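Notes for the one structure printed next.
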Number of protein chains: 2
Amino acid sequence: MNISIKDIARHCNLNPSTVSRALNNKYGVKPETKKRVMDAARELGYVPSLSARELVKQEGNLIGIIIPESDAEAQPAFFAMLPYINKKLSAYGMETIIYAFDPYRYINGELNKLIQKRRLRGCIIMPGFMKEHKIYEDIRDLNTPSVVMEVTVQSELCSSIHTDEVYGAYQATKHLISNGHSRIGFINGPEYIQICEERREGFEKALHESGILIKSHDIIYSDFSGNGGGAAVLSLLDQAPDLTAVFCANDLMAMGAVSTLAEHGYCIPRDLSIVGFDGMFIGAYYNPPLTTVQNDDVKLGLQAAESLIRIIEEKHTSQEWIKPELIIRKSVQNILS
Amino acid sequence: MNISIKDIARHCNLNPSTVSRALNNKYGVKPETKKRVMDAARELGYVPSLSARELVKQEGNLIGIIIPESDAEAQPAFFAMLPYINKKLSAYGMETIIYAFDPYRYINGELNKLIQKRRLRGCIIMPGFMKEHKIYEDIRDLNTPSVVMEVTVQSELCSSIHTDEVYGAYQATKHLISNGHSRIGFINGPEYIQICEERREGFEKALHESGILIKSHDIIYSDFSGNGGGAAVLSLLDQAPDLTAVFCANDLMAMGAVSTLAEHGYCIPRDLSIVGFDGMFIGAYYNPPLTTVQNDDVKLGLQAAESLIRIIEEKHTSQEWIKPELIIRKSVQNILS
DNA sequence: CTGTTAGCGCTTTCAG
DNA sequence: CTGAAAGCGCTAACAG
């Protein structure tokens, strides 16, 4: 029913293998017969069967995108990157297939099974798994090209792409300091996530450099959610009422903080300066527009795709760090003078 | 190198076909041999090759998710639904593969080619294509199950899921009216998008019902973007300074409006009431928390997946309308009294 | 330059 | 209940 290579062969009085060669631009096919084949293919509406090709070549053009299962709210980065990954990959003839793993039910070997059953050409592991998650062990033993985001995995066929979190947090904190703030709070995300550690490191580094002492109650851990940020800023301010600025480890918590603060009669940035992290596009339309550290999701996504291609084509792995950029908007007040 | 059904057969002294039957729970396989096969499969680490299965069955378990190519900012709905679609589908043993089409370069037949080359089991067309886009013609002639979102396509194997936009816009406008507003502006999205027409219809319906006259300059068309919303609200207010409320056809424009208005010294909702549409989760953390019409993306996504399954399994198509819900937060002021 | 042949891994008759 | 054999659509090795 679906027209196949045989139909073309019959139609052109050729052997299927010749048709195959013609279709795939292989060596030595008379230009004329090639044209005949191409024309017939078009005319008959031939569409190659990828499963057949995959079967015989034992390898396809599918790239698995692996994400932790959760709702959209929790993974802005994934969605920001996906279109770019998808596009770049398709420029190399690859297609993407998305798999969501429940991080709490993951069992070792699952990833590998997935790869085998679809004969995946490679995979990209999105951020969001805990830093010591089992999946990273599996990746170490993979003999399939892979790119891991935000986590470093040492292995033959695995590259990783990171945001330079320390740098980003450092920039944010420096910005606060240079605007006259010295009593700065920090609302961090869950401790068991790698990037949280790094963002904290950057925060502390900036403070140390400026000789500002960090009191332990200036730092609070929350859950990266809007509500979490709102609750956190309140208890932070309760513990340390003299804070003039708060650095939030993501934009969502920053917005949650601003929003609850506003309901409590605060005016941002007049009463408290806020800076976020992530650079969600919506921050530009926030009230006030949110000063934040913007991950370069476009670059991150593109780089992930390119790194994967490099492993596939040249077996060349690498570790890249992409620097995020401080975007100064209106949520920080200059309190010098 | 990859272990196959033959290896199991050899290992168990069986014929590959028996192994196949055992593995697939087919009729008549002695429970004992079945167990032997299962054990061997586990022991040898057998992983079935989907391409082989697809090839012989001429059908796989892949569902194509079709989106218009653009960056994440432009398609919050897609991302909100994706996790639910993905999960529901995988509960039925289906996997999802994402294809982004450039809406301006789409040529007729492309979708069908895609389906053929991967022998897709079905596909879901996400919102975002223009209402008269060629892709919808192609869907009409498809002999593959499909579900279309936000657009109605009449066809044998095609269901569609809609948000009841008219209802949503009606609710929003009613809410404004019941809070005492009668001079209400409307910032709509691009005219060539189907949902914009419907949202406008709901808006006008509510106004008519309450005997409120609509002046033509109370309605302005923008582009669904944050910046667009900001610019639109300014010129709207310029044309009609007596407006006390503005209904925006999406949250992004609503936020853009609030944000630029704030920079111009307005205080929302004191000086102007705003209601959005979409129910982006971030609206809850907006300043002020945004009153909006919330699309039930969870239900929408789940429904899309279920409808597709129903076509696949029972050839049963349907047209569903999902009612969005007015979420009352803090961006509307009651001006009665 | 083109045809022949074999086989990728699996399912599905059809026999036994 | 199990085996034998054919074939899905394609590619690759080897002849010619």
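Keep in mind the model is a prediction, meaning the values are calculated, not measured. Throughout, protein chains are lettered first and strands after them, A, B, ... in sequence-line order, and every chain is numbered starting at 1.
Using cut-offs of 30° and 60° on the angle between ring planes, the pair Phe129(A) and His133(A) is tilted.
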What are the atom names and distances for every N/O pair under 3.5 Å that joins the protein to nucleotides 13-16 of chain D?
unit_1  : atom_1 : unit_2   : atom_2 : d
dA13(D) : N6     : Arg21(A) : NH1    : 3.3

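Atom CD of Gln116(A) is separated from atom C1' of dG9(C) by 13 Å (rounded to the nearest Å). Here the P atom of nucleotide dC10(D) and the CG atom of Leu50(A) are 10 Å apart, to the nearest Å. The distance from atom CG of Leu23(B) to atom P of dC1(D) is 17 Å, rounded to the nearest whole Å. The interatomic distance linking Lys34(B) (NZ) with dC1(D) (P) rounds to 12 Å, in whole Å. Rounded to whole Å, the distance from CD on Glu54(B) to C1' on dC10(D) is 14 Å. Put simply, CG on Asn61(A) is 15 Å from P on dC10(D), counting in whole angstrom units. As rounded to whole Å, 17 Å separates atom P of dC1(D) from atom NZ of Lys35(B).
In this structure, Ser51(B) reaches neither bases nor backbone, as no heavy-atom distance under 4.0 Å exists between it and the strands shown.
Closest to the side chain of Leu55(B), from the set dT2(C), dG9(C), dC10(D), is dG9(C). In the set dT11(D), dG9(C), dT11(C), dG9(C) carries the atom at the smallest distance from any side-chain atom of Ser49(B). Among dG9(C), dT11(D), dC10(D), the nucleotide with an atom closest to any side-chain atom of Lys57(A) is dT11(D). The side chain of Arg53(A) lies closest to dT11(D), out of dT11(D), dC10(C), dC8(D).
The closest donor-acceptor contact from the side chain of Asn24(B) to the backbone of Ser20(B) lies under 3.5 Å. Under a 3.5 Å cut-off, the side chain of Ser90(B) and the backbone N or O of Gly93(B) do not form any donor-acceptor pair. Between the side chain of Arg121(B) and the main chain of Gly60(B), a donor-acceptor pair closer than 3.5 Å is present. A side-chain donor-acceptor contact under 3.5 Å links Lys134(A) to the backbone of Tyr106(A).
Comparing Thr18(B) and Asn24(A) by the nucleotide of DNA chain D whose heavy atom lies nearest to each, the residue mapping closer to the 5' end is Thr18(B).
A close approach under 4.0 Å does not occur between any side-chain nitrogen or oxygen of Gln58(A) and OP1 or OP2 of dT11(D). At least one side-chain nitrogen or oxygen of Ser20(A) sits closer than 4.0 Å to the OP1 or OP2 atom of dT11(D).
A salt bridge links Lys117(B) with Glu95(A): at least one charged nitrogen is closer than 4.0 Å to a carboxylate oxygen.
Contacts with DNA chain D (heavy atom under 4.0 Å) in residues 5-16 of chain A: Ile5(A), Lys6(A), listed by number.
Between the side chains of Tyr192(A) and Glu132(A), no donor N or O sits under 3.5 Å from an acceptor N or O. Side-chain contact of Asn61(B) with Tyr92(B): a donor-acceptor pair under 3.5 Å is absent, judged by distance alone. Of the N and O atoms on the side chains of Ser160(B) and His162(B), at least one donor lies less than 3.5 Å from an acceptor on the other residue.
Taking CG from Leu157(B) and CG from Leu142(B), the interatomic distance works out to 8.0 Å, rounded to the nearest 0.5 Å.
When side chains are defined from C-beta on, Met38(B) counts as touching Leu23(B), because their heavy atoms get closer than 4.5 Å.
If one axis is set at each end of the helix from dC1(C)-dG16(D) to dG16(C)-dC1(D) from five pairs, those axes are 40° apart, to 10°.
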- Give the C-alpha distance, both sets of side-chain angles, the deciding distance and a yes or no for salt bridge (Lys or Arg N to Asp or Glu O under 4.0 Å) between Glu54(A) and Arg118(B). CA-CA 11 Å; Glu54(A) 268 172 34; Arg118(B) 280 245 173 253; 2.9 Å; yes
